[in-house]
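Here's the structure, in C-alpha cells; my notes come after.
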Amino acid sequence: MKALSMDDVDLQYKRVVIRCDLNVPLKNGVIKGDKRIRAVIPTIRKALDKNCAVIVLSHLGRPTEGVFEEEFSLAPVAERLGELLGKEVRFHAYDPELKVEAKNGEVVLLENVRFLTGEKKNNPELGAKFASLGDIYVMDAFGAAHRAHASTESAVRQAKIAVAGPLMLAEMEAANKILQEPKRPLYAIVGGSKVSTKVTVLENLLGFVDGLIVAGGIANTFLLAEGYAVGKSLVEEDFVEEAKRLIKLAKDKNVDLPLAKDVVVAKDLSTAQDLRTCPITDIKADEAIFDMGEETCKEFAKVLEKAHTVVWNGPLGVFEQSPFDKGTRLIGDILAKSKAYTLVCGGDSVTAVEQFGIQDKMGYLSTGGGAFLEVLEGKILPSVAALADRA
Ligand SMILES: Nc1ncnc2c1ncn2[C@@H]1O[C@H](COP(=O)(O)OP(=O)(O)O)[C@@H](O)[C@H]1O
Ligand SMILES: O=C(OP(=O)(O)O)[C@H](O)COP(=O)(O)O
C-alpha cells in the first residue's frame, strides 16, 4: 500500500490525531469484545513514546447525526482504553464546536464522530476541522476505511501531514496477501445482519471465491428469494430481487452457494419463547429465524472440508444470546479443527471467536469486516486512495 507511515515523519512533541475504529460491541454500557481497542494500543504508544499530544477519534454504531444519544457514547471505551494503556484517557464529551486540545503526553478521546453533522456525508468543513486538531493525522481505522466520511477521507486529504497507522498497514498487507495468492479452493462464509452493505460484496466475491456460504441474518433475504416464508425474520425486502440474481449468478459461475436447510426459530428473541428447530419449509408467520439449524451446520461443515482457505465474516446467528450462539460455535469449532487457513474478519465475528476461546486456532483475525471484504473484491478503499494521494 502506498502511504507514509508514522516512521516516515518526525513525531517528536507533535500534536497527533489518530482516527481509530473503536466501534466495539456494547450492551448497556458494557464492552462485549475489546479487540478493536487492543489493536490500536501500539499506535497510541508509538505517539506517546515521542511525547506527542494525542487526540483519538472514532465512531460507534450508527447514531442519528446532530444529536447526542447515550447508547452510542464512547465514554465506556475511554475507560477501557485507559486501562489497556495503563494511563488516564481524558474523555471529551459531545461538542459540535470541536474545541479540544491535548497536552504533550496526554491522550484525549473525542465523543463519537457520527454525532457530528456532516461526518457521514464526508463534509469538507468537518474534515478540515478534524485535520486542524493536530500537526499529523494518523489514519488507523482500517475497519472504517471503506467509508468515505469526513474523519476517514476528507480529513486525510486536508491534513498538513497524513500517514497510515501501523494497524492499517498490517491489515492491508494481510488482505492483499489473500487477494494475490490465495491457497485454493477458497471459501467465504458471509453472515451477520448488514444485507444492504454486503450485497455488492457478495456479488463481487462470486468472481473470486470457489464457494460462498450465505448465513446469519442476511441468509433470510436469500431464503425469501427462493420462495420460502420467513415469518418475522430480519429481511431487507428491497434486496430480494438482488438475492435472486446472485443465486443465478453463482449457478452460472459454477460457484457453490449452499443455503440453510433447517433453522432455529422463536417468537421472541429476548425470551427465546417457543424456540424450536425446523425445516425452512415450516416457518410460521409469528416466528423469526435467530440461528442456523444443526443439519445446516453439518452440511456447511462438509462443504468446508474442501477448502484450503476460508474467509469468515459475520456470525451465523444472534451469537450474543444463548442458545442462538450454537450455529456460530459449531462453525467456529469446525474451522478451529480444519487444516484450512482461516481468516476471520469483522467486529462481531472476531468477538464471537474470542468469546469461544478459539482465536489462537485461526490464521488471522482482522478488525475490519466490510473493509476487509472490499479489499478482497479488488476495490480501492476511499481512505487508502486518500493516503496514497498524500504519500
Ligand atoms: N438471524 C439473525 N437475525 C438477526 N440478527 C442476526 C441474525 N444472525 C446474526 N445476526 C446479528 O448480526 C450481527 C453481526 O452482523 P455484522 O455487523 O454484519 O457482522 P460483523 O461485525 O462481524 O461484520 C450480530 O449482532 C448478530 O446478532
Ligand atoms: O463495524 C464496522 O464494520 P463491520 O461490521 O463490517 O466490521 C465498522 O466499524 C464500520 O461501521 P459501519 O458499517 O457502521 O460503517
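Indexing begins at 1, ligand by ligand and atom by atom, following the structure's order.
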Rounded to the nearest 0.5 Å, how far apart are CG of N176 and CD of E171? 11.5 Å
Between T328 and D325, do the side chains contain a donor N or O and an acceptor N or O under 3.5 Å apart? no
Looking at ligand 2, is there an atom of it that comes within less than 4.0 Å of some heavy atom belonging to K120? no
Contact atoms of ligand 2, heavy-atom distance to [X] under 4.0 Å:
X	answer
N23	1 (O), 2 (C), 8 (C), 9 (O), 11 (O)
D21	8 (C), 9 (O)
R62	12 (P), 13 (O), 14 (O)
G347	7 (O)
G369	6 (O), 7 (O)
R114	11 (O), 12 (P), 14 (O), 15 (O)

Side-chain ([X]) to main-chain ([Y]) donor-acceptor, under 3.5 angstrom:
X	Y	answer
R114	T64	no
N313	V190	no
R390	A159	yes
S383	E153	no
T296	A260	no
N112	L60	yes
Y137	S151	yes

May I ask you to check whether G346 has an N/O atom sitting below 3.5 Å from an N/O atom of ligand 2? no
Can you find a pair of side-chain heavy atoms, one from K253 and one from L249, that are under 4.5 Å apart? yes
Please output the residues near ligand 1 using a strict heavy-atom distance under 4.0 Å, listed in chain and residue-number order. G192, S193, K194, K198, G216, G217, L234, I289, F290, N313, G314, P315, G317, V318, E320, G346, G347, D348, S349
Among all protein heavy atoms in this structure, tell me which lies nearest to [atom], with the distance rounded to 0.1 Å.
atom	value
atom 7 (O) of ligand 2	R36 NH2, 3.0 Å
atom 3 (O) of ligand 2	K194 NZ, 3.7 Å
atom 15 (O) of ligand 2	R147 NE, 2.5 Å
atom 11 (O) of ligand 2	H59 NE2, 3.4 Å
atom 6 (O) of ligand 2	G370 N, 2.7 Å

Is the NZ atom of K35 crowded by more than 12 outside heavy atoms at less than 6.0 Å? yes
May I ask you to decide whether E287 forms a salt bridge with K232, counting only side-chain N to carboxylate O separations under 4.0 Å? no
